[in-house]
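Report on the following structure.
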There are 2 protein chains.
Amino acid sequence: MKDLLPAPADYRLEGRVWVQGPHDRFLGIGRLELLAQIQATGSISRAAAAMGMSYKRAWDLVHSMNTQALAPLVATQTGGKSGGGALLTSAGSQAVADFQGVQTRFQAFLAEETRRLAE
Amino acid sequence: MKDLLPAPADYRLEGRVWVQGPHDRFLGIGRLELLAQIQATGSISRAAAAMGMSYKRAWDLVHSMNTQALAPLVATQTGGKSGGGALLTSAGSQAVADFQGVQTRFQAFLAEETRRLAE
DNA sequence: AAGCGTTATGTTTGTGAAAATATAACCTTC
DNA sequence: GAAGGTTATATTTTCACAAACATAACGCTT
């Protein structure tokens, strides 16, 4: 592409990847970050706030993941001390770790291809 | 992920990649197919029809690519024999070839990562 | 000069996803 | 038993983007 573009350094390969199930999306970068925020904050509502996302959307995403997986990724509690909360199950932590690996390798792919664009 | 999902074989990594410029998207899978259809049909309107896309949208995409590239990827002619038409410039053919290479390597990446998901 | 198929371009309408809004239920704490 | 903060869920509203619609211009052909 180098001789196709006026300023090749300003162009790069970007992209997104996600794990797709038979019916719905299972995991993507947004859901990954949501899981990480739930882990960090201990609640869906605080995770949503931290991401500038509505609570409903966050809950829907959690629901989608929990119902698709063999075991829930997020365990929730309604009521109780400080109103309740949410935390990652071991399945949840494993999903986070696994998909972070995918993301890391994908970023490497994009960087390598961006390098190629300029040659 | 293998022990996270009920039927790991039904889940795969999917994704999209595109060349992003400072202001607009430059090339993606849709634009690539559009260029290929222009090459095959000799006109923007026939290419759009072949893709089930409105002519205006196709023209806008061509315009976006032509104005971002150093030289136009698509040469057009208004009026004349059979009303006019469009064809790929050499820059256009090179862009198609280059991005097809990116796409091929990306599909290989997705396949490899999908294989990984099941292990 | 009238017609045809195309490029070129502006304006209006639809539509689907996200956000906003609204309630209810839950359980600990005070 | 009232309050507080959370999960859980339905309904309504917004908004960005694509589709649809509408016109004009262009230059061969007949």
Side-chain angles (χ1 to χ4, degrees), chain A residues 14 16 18 20-21 23-35 37-69 71-89 92, chain B residues 14 16 18 20 23-26 28-35 37-69 71-89 92:
Chain A
E14 298 188 355
R16 297 184 57 106
W18 60 89
Q20 178 70 40
H23 305 307
D24 299 321
R25 183 167 303 197
F26 176 58
L27 250 187
I29 183 71
R31 291 169 188 230
L32 175 68
E33 187 182 344
L34 178 59
L35 292 178
Q37 288 291 338
I38 288 171
Q39 192 165 41
T41 64
S43 91
I44 296 177
S45 69
R46 279 194 293 269
M51 294 180 65
M53 174 189 294
S54 72
Y55 170 80
K56 183 190 189 331
R57 172 150 180 72
W59 186 89
D60 284 346
L61 293 173
V62 168
H63 182 70
S64 166
M65 290 185 274
N66 273 354
T67 53
Q68 284 189 78
L73 306 189
V74 175
T76 61
Q77 186 198 359
T78 80
K81 181 170 59 172
S82 78
L87 48 84
L88 291 200
T89 64
Chain B
E14 298 187 356
R16 300 191 44 120
W18 60 89
Q20 178 70 41
H23 305 307
D24 299 320
R25 183 168 302 198
F26 177 58
I29 183 70
R31 291 169 188 228
L32 175 69
E33 186 182 343
L34 178 60
L35 292 178
Q37 287 290 338
I38 289 171
Q39 191 166 41
T41 63
S43 92
I44 295 176
S45 70
R46 279 193 293 271
M51 293 180 65
M53 174 188 293
S54 73
Y55 169 79
K56 184 187 191 327
R57 172 152 179 70
W59 186 89
D60 284 346
L61 292 173
V62 167
H63 182 69
S64 167
M65 289 185 274
N66 274 352
T67 53
Q68 284 189 80
L73 306 188
V74 175
T76 61
Q77 186 197 0
T78 79
K81 179 169 60 169
S82 77
L87 49 84
L88 291 200
T89 63

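Note that this is a predicted model, so its numbers are computed, not measured. Chain naming here is simple, since letters A, B, ... match the order of the sequence lines and numbering starts at 1 in each. Scope of the values below: all heavy atoms of this structure, side chains included, with no hydrogens, waters or symmetry mates.
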For dT7(C), does either OP1 or OP2 sit under 4.0 Å from a side-chain N or O belonging to S45(B)?
yes
Does dA8(D) have OP1 or OP2 under 4.0 Å away from a side-chain N or O of T76(A)?
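Yes, because at least one side-chain N or O of T76(A) sits under 4.0 Å from OP1 or OP2 of dA8(D).
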Do the side chain of Q37(B) and the main chain of A49(B) share a donor and acceptor less than 3.5 angstrom apart?
no
With no hydrogens and no angle check, is any side-chain donor or acceptor of T89(A) less than 3.5 Å from a backbone partner on L73(A)?
yes
Separation of [N] [atom2] from [X] [atom1] (nearest whole Å):
| X | N | atom1 | atom2 | value |
| --- | --- | --- | --- | --- |
| M65(A) | dA8(D) | CE | P | 13 Å |
| D60(B) | dT7(C) | CG | C1' | 12 Å |
| R46(A) | dT6(D) | CZ | C1' | 9 Å |
| Y55(B) | dC21(D) | OH | C1' | 15 Å |
| I44(B) | dT9(C) | CD1 | C1' | 13 Å |

How long is the straight-line distance from [atom2] of [Y] back to [atom1] of [X], given to the nearest 0.5 Å?
| X | Y | atom1 | atom2 | answer |
| --- | --- | --- | --- | --- |
| M65(B) | L34(B) | CE | CG | 5.0 Å |
| L61(A) | R31(A) | CG | CZ | 5.0 Å |
| Q20(B) | E14(A) | CD | CD | 4.5 Å |

What protein N or O atoms touch nucleotides 16-26 of chain C N or O atoms at under 3.5 angstrom, if any, and at what distances?
{"from": "dC26(C)", "atom 1": "O2", "to": "G79(A)", "atom 2": "N", "distance (Å)": "3.0"}

Starting the side chain at C-beta, find the nucleotide from dT6(C), dA8(C), dT7(C) nearest to W59(B).
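Side chain of W59(B) sits closest to dA8(C).
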Heavy atoms from C-beta onward define the side chain here; which of dT7(D), dT7(C), dT29(C) lies closest to that of K81(A)?
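Looking only at heavy atoms from C-beta outward on K81(A), the closest nucleotide is dT29(C).
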Pairs meeting criterion salt bridge (charged side-chain N to carboxylate O under 4.0 Å, His left out) with involvement of residues 40-59 of chain A, two or more places apart
K56(A)-D60(A)
